[in-house]
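Structure record follows, encoded as structure tokens.
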Amino acid sequence: MSRIYALVDCNSFYVSCERVFDPSLEGKPVVVLSNNDGCAVSRSTEAKKWIPMGAPIHKHTKDVILHDIKCFSSNYTLYSDMSARVMSVLNKFTPDIEIYSIDEAFLSLKGFERRDLQEYGEEIRKTVLKWTGIPVSVGIGETKTLAKVANRVAKKMPELGGVFSIYNNPKRDEILSRIDVSDIWGIGRAYTRLLKSNGIYSALELKNTADTFIRKRMTVVGYRTALELRGTSCIEIENVEPEKKEILRSRSFGHDVFELNELREAVSMHASRAGEKLRQQNSVARYISVFLKTNKYKDGPQYNNSMGTYLPEPTSYTPDFIKTAHMLLDNLYKPGYRYKKAGVMLAEICPDNAVQLNLFYTSRNLAGHMEIMDAMDEINMVWGRDTIKYASSGIKKPWAMKRNMVSPRYTTNWNELPITKAS
DNA sequence: TCTGGGGTCCTAGGACCC
DNA sequence: TCTGGGGTCCTAGGACCC
């Protein structure tokens with residue numbers, strides 16, 4: 001029984017989102033920055049010449065000015081909404097879909113063996129572009145890893161029109177011989193170094209490497225990658241999103257922070273956001289930890305530490321998280337450092353219904369707590385984030401991250417809708 | 001001045017038990 | 001005196017992904 005996978009990947013996704021609502025950006029070098037306006041995380045084709053992926057933008061100020069590169073702070077509200085639109089279009093092609101990241105999805109095309117896959121890929125591409133304005137590339141293959149390879153080929157060679165199928169392709173080995181091992185899904189920096197120092201440079205060479213070597217040096221994970229290159233599918237489509245086992249919330253500060261008070265505000269905000277995420281998946285957590293970091297890129301004394309503890313019982317009640325996180329932070333905090341980042345992690349997560357029986361017998365009014373949480377989540381969902389929030393999260397937030405070049409929330413906020421000119 | 005954030009999986013090795 | 005061997009659980013750290 002053969003399988004067929006398609007990988008649909010949005011081209012320069014964040015940049016494409018910005019362009020949908022501001023067509024004047026078309027054909028120009030555009031860059032979207034990470035939180036705090038730090039690194040370039042999405043670049044248009046035109047910008048790639050000057051700005052490497054992940055580069056700190058402040059190191060490229062000259063290029064930005066010289067080539068008039070348009071820079072944007074990241075606007076996740078907009079990108080998440082556009083992502084949902086793209087995914088819902090893909091869903092119309094097959095319900096057998098795995099949303100792999102904000103800009104990528106795997107589709108199972110089992111049963112499509114006799115169709116012209118190239119043509120089908122083009123139909124997907126055209127439909128997504130027409131209905132959402134987002135350009136995508138489509139790669140098709142016998143396994144997810146081969147679909148990834150095909151997608152890469154589609155992206156690298158614009159003359160293919162954004163679609164490439166390696167499925168049953170008689171030239172498969174020739175294509176694999178031109179793919180660098182570092183470009184294979186699952187092969188990162190460390191494995192690239194290992195493979196190249198053993199004379200394995202291309203995907204074809206990895207495909208033909210002895211199992212014993214791969215298993216010993218790259219664990220079963222690497223072995224699965226090799227099998228997938230050979231056409232044996234080992235990594236299945238995951239239709240339902242698995243529940244998170246850990247939830248981490250953290251941010252760098254816009255400015256260095258010295259005071260415990262400000263750190264307490266930031267930690268309080270992270271704890272309440274982590275709680276929101278936890279409740280979204282109807283779970284409770286038993287373990288919480290807090291971490292604190294100075295700026296590793298700066299000279300001066302460094303401090304990097306974390307502390308965690310078990311909660312008296314599994315919970316999703318934000319005030320419990322805030323209280324415990326503050327206690328941990330108070331123990332963690334040392335005066336005299338320039339702090340750059342703080343975060344809160346929830347772990348030992350399980351579904352809330354798995355513990356409900358026990359909770360009925362606790363002394364606390366759990367039902368009442370949950371009603372409060374539900375009400376707050378509901379209000380914040382309808383009226384926007386932080387309509388209701390905890391006073392301990394601060395009002396002025398001097399530590400908040402920088403977002404100096406953010407575009408409007410075109411699709412999710414009535415006050416920021418795009419305006420069409422009446423002639 | 002300015003360097004992202006959020007995850008998962010696997011293994012090795014220590015602690016401990018019988 | 002003899003200091004084995006099998007097993008589980010936990011944690012830290014390394015690898016990867018977008």
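What's counted below: heavy atoms across the whole structure, side chains too, no hydrogens, waters or symmetry copies. Everything quoted here is computed from the prediction, not taken from an experiment. Order of the sequence lines fixes the chain letters, A, B, ..., with proteins taken first and strands second; residue numbering starts at 1 for each chain.
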_Step-by-step side-chain contact (heavy atoms from CB on, under 4.5 Å) determination, A/K144 to A/E98_ = CA-CA 11 Å; A/K144 281 178 160 181; A/E98 173 185 340; 2.7 Å; yes
_Residues A/F106, A/Y5; criterion ring-ring contact (aromatic ring centres under 6.0 Å, His included); working and verdict_ = CA-CA 7 Å; A/F106 286 103; A/Y5 296 96; 7.1 Å; no
*Evaluate ring-ring contact (aromatic ring centres under 6.0 Å, His included) for A/Y76 paired with A/Y14, printing each intermediate quantity in order.*
CA-CA 9 Å; A/Y76 282 100; A/Y14 301 163; 5.6 Å; yes
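When rounded to the nearest whole Å, the span between CD1 of A/I235 and P of B/dC9 equals 12 Å. When rounded to the nearest whole Å, the span between CD1 of A/I99 and C1' of B/dG7 equals 17 Å. Atom CZ in A/F291 sits roughly 16 Å away from atom P in C/dA12 (whole-Å rounding). Between the C1' atom of B/dT8 and the CD atom of A/E98 lies a distance of 13 Å, rounded to the nearest Å. Atom-to-atom, CD of A/Q281 to C1' of B/dG6 comes out at 13 Å; the value is rounded to the nearest Å. Atom CD1 of A/I214 and atom C1' of B/dT11 are 18 Å apart (whole Å). Distance NE2 (A/H270) to C1' (B/dG7): 17 Å, rounded to an integer number of Å. Atoms CD (A/E241) and P (B/dG6) sit 15 Å apart, rounded to a whole Å.
For A/S101, taking side-chain heavy atoms from C-beta onward, the closest of the listed nucleotides C/dC16, C/dC18, B/dG6 is C/dC18. When each of C/dC18, B/dT8, B/dG6 is scored by its nearest atom to the side-chain atoms of A/Y100, the top-ranked nucleotide is C/dC18. Side-chain proximity of A/V221 to B/dC10, B/dG6, C/dA15: nearest is B/dC10. Comparing B/dC10, B/dG7, C/dC16 by their nearest atom to the side chain of A/Y191 picks out C/dC16. Comparing B/dT11, C/dC18, B/dC9 by their closest approach to the side chain of A/K245 singles out B/dC9.
Pairing partner, C/dG13: B/dC10, with both Watson-Crick or wobble hydrogen-bond distances short of 3.5 Å.
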Could you list the protein-to-nucleotides 1-4 of chain B atom pairs, N/O on both sides, closer than 3.5 Å?
residue, atom, partner, partner atom, Å
B/dC2, OP1, A/K298, NZ, 3.1
B/dC2, OP2, A/K298, NZ, 3.2
B/dT3, OP1, A/K340, NZ, 2.8
B/dG4, O4', A/S34, OG, 2.9

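Dashed line: the shortest gap from a side-chain N or O of A/K148 to OP1 or OP2 of C/dC18 is under 4.0 Å. At the phosphate of C/dC16, neither OP1 nor OP2 sits under 4.0 Å from any side-chain N or O atom of A/R189. Listed pair A/R224 / B/dC10 meets the phosphate criterion, a side-chain N or O lying under 4.0 Å from OP1 or OP2.
The residue A/K296 sits apart from the nucleic acid: no heavy atom pair falls under 4.0 Å. A/I247 comes within contact range of the sugar-phosphate backbone alone, with a heavy-atom separation under 4.0 Å but no base atom that close. Using a 4.0 Å heavy-atom cutoff across all strands shown, A/I102 reaches no nucleic acid atom at all. As judged by a 4.0 angstrom heavy-atom cut-off over every strand, A/I184 is placed among residues touching the sugar-phosphate backbone only.
Comment: A/K49 does not engage A/D63 in a salt bridge, judged by the lack of any side-chain N to carboxylate O separation of less than 4.0 angstrom.
Using a 30° and 60° split on the angle between ring planes, A/Y337 and A/Y339 fall in the tilted class, from 30° to 60°. Below 30°, between 30° and 60°, or above 60°: for A/F21 and A/Y410 the angle between ring planes is below 30°, a parallel geometry.
Comparing the C1' positions of C/dG4 and B/dC16 gives a spacing of 16 Å, expressed to the nearest Å.
Heavy-atom nearest nucleotides on DNA chain B were determined for A/V220 and for A/S250, and the one closer to the 5' end corresponds to A/S250.
With 3.5 Å as the limit, one finds no donor-acceptor pair spanning the side chains of A/W50 and A/H60.
Under the 6.0 Å distance and 45° angle rule, A/K293 counts as a cation-pi partner of A/F291.
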